[in-house]
Amino acid sequence: MCEDERGKSGLRPGEQSKPAPLALPMFKAAARAVSAEAVGKYAIKFTWNDSHDLGLYSWKFLREVCPCQQCRQNP
């Protein structure tokens with residue numbers, strides 16, 4: 001569902017959503033992983049600081065979105 005919502009909004013992985021016009025600013029901690037668990041040999045399941053833990057992130061996807069030089073050279 002997260003991937004679907006991100007696709008609808010046009011946001012890239014990790015990009016913060018923009019608040020609605022005239023919305024009152026509220027503090028919201030940036031999303032960060034607090035733990036990770038291997039799922040077979042193909043993915044990782046993260047638990048985030050907001051207790052969200054439903055997504056699976058394949059190694060292929062993580063390589064595609066990783067900003068490091070090594071991952072950009074070896075997709």
Side-chain angles (χ1 to χ4, degrees):
M1 185 156 160
C2 294
E3 178 67 28
D4 185 46
E5 290 300 315
R6 183 173 47 246
K8 289 177 186 175
S9 67
L11 296 173
R12 293 189 32 80
E15 186 177 354
Q16 295 284 332
S17 60
K18 309 257 185 298
L22 303 175
L24 295 174
M26 301 295 288
F27 172 76
K28 183 176 178 184
R32 65 177 177 83
V34 294
S35 67
E37 174 185 342
V39 179
K41 293 186 177 184
Y42 68 93
I44 296 178
K45 176 182 175 182
F46 293 103
T47 299
W48 301 93
N49 57 338
D50 66 354
S51 300
H52 177 225
D53 68 350
L54 298 177
L56 296 180
Y57 299 83
S58 72
W59 293 112
K60 180 180 183 300
F61 172 76
L62 293 172
R63 285 275 187 194
E64 289 171 358
V65 300
C66 180
C68 83
Q69 186 67 27
Q70 182 180 354
C71 290
R72 283 186 277 163
Q73 290 175 347
N74 301 313

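The figures here come from the full heavy-atom set of this structure, side chains too, leaving out hydrogens, waters and symmetry mates.
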Handout entry: Partners meeting salt bridge (charged side-chain N to carboxylate O under 4.0 Å, His left out) with Glu37 (sequence neighbours left out)
Key =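 Partners of Glu37 under the salt bridge (charged side-chain N to carboxylate O under 4.0 Å, His left out) test: none.
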Handout entry: With Lys41 via salt bridge (charged side-chain N to carboxylate O under 4.0 Å, His left out) - residues at least two apart
Key =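 Counting only residues at least two positions away or on another chain, Lys41 forms no salt bridge (charged side-chain N to carboxylate O under 4.0 Å, His left out).
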Practice task
Sorted by first residue and then second, give each salt bridge (charged side-chain N to carboxylate O under 4.0 Å, His left out) pair with at least one member in residues 45-61; sequence neighbours left out.
Solution key: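 Residue pairs with at least one partner in residues 45-61: Lys60-Glu64.
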Exercise for the section: Check which hydrophobic residues are tied to Tyr42 through side-chain heavy-atom contacts below 4.5 Å, counting indirect links as well, and list them. Expected result: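 Via sub-4.5 Å side-chain contacts, Tyr42 links to Val39, Leu56.
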Handout entry: Minimal non-hydrogen separation, Trp59 against Ile44, with atom names
Key =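 Scanning both residues completely, I find the closest heavy atoms to be CH2-CD1, 3.2 Å.
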Problem - Residue pair Cys71 / Cys66: nearest heavy atoms and the distance that separates them - result: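 Heavy atoms of Cys71 and Cys66 come nearest at SG-SG, 3.5 Å.
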Exercise for the section: Just jot down the side-chain contact (heavy atoms from CB on, under 4.5 Å) partners of Val34, sequence neighbours excluded, or say none. Expected result: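 Partners of Val34 under the side-chain contact (heavy atoms from CB on, under 4.5 Å) test: Arg32, Thr47, Asn49.
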Exercise for the section: Would you indicate whether Trp48, at its atom CH2, is surrounded by more than 12 heavy atoms from other residues, nucleotides or ligands within a distance under 6.0 Å? Expected result: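 Yes, enclosed.
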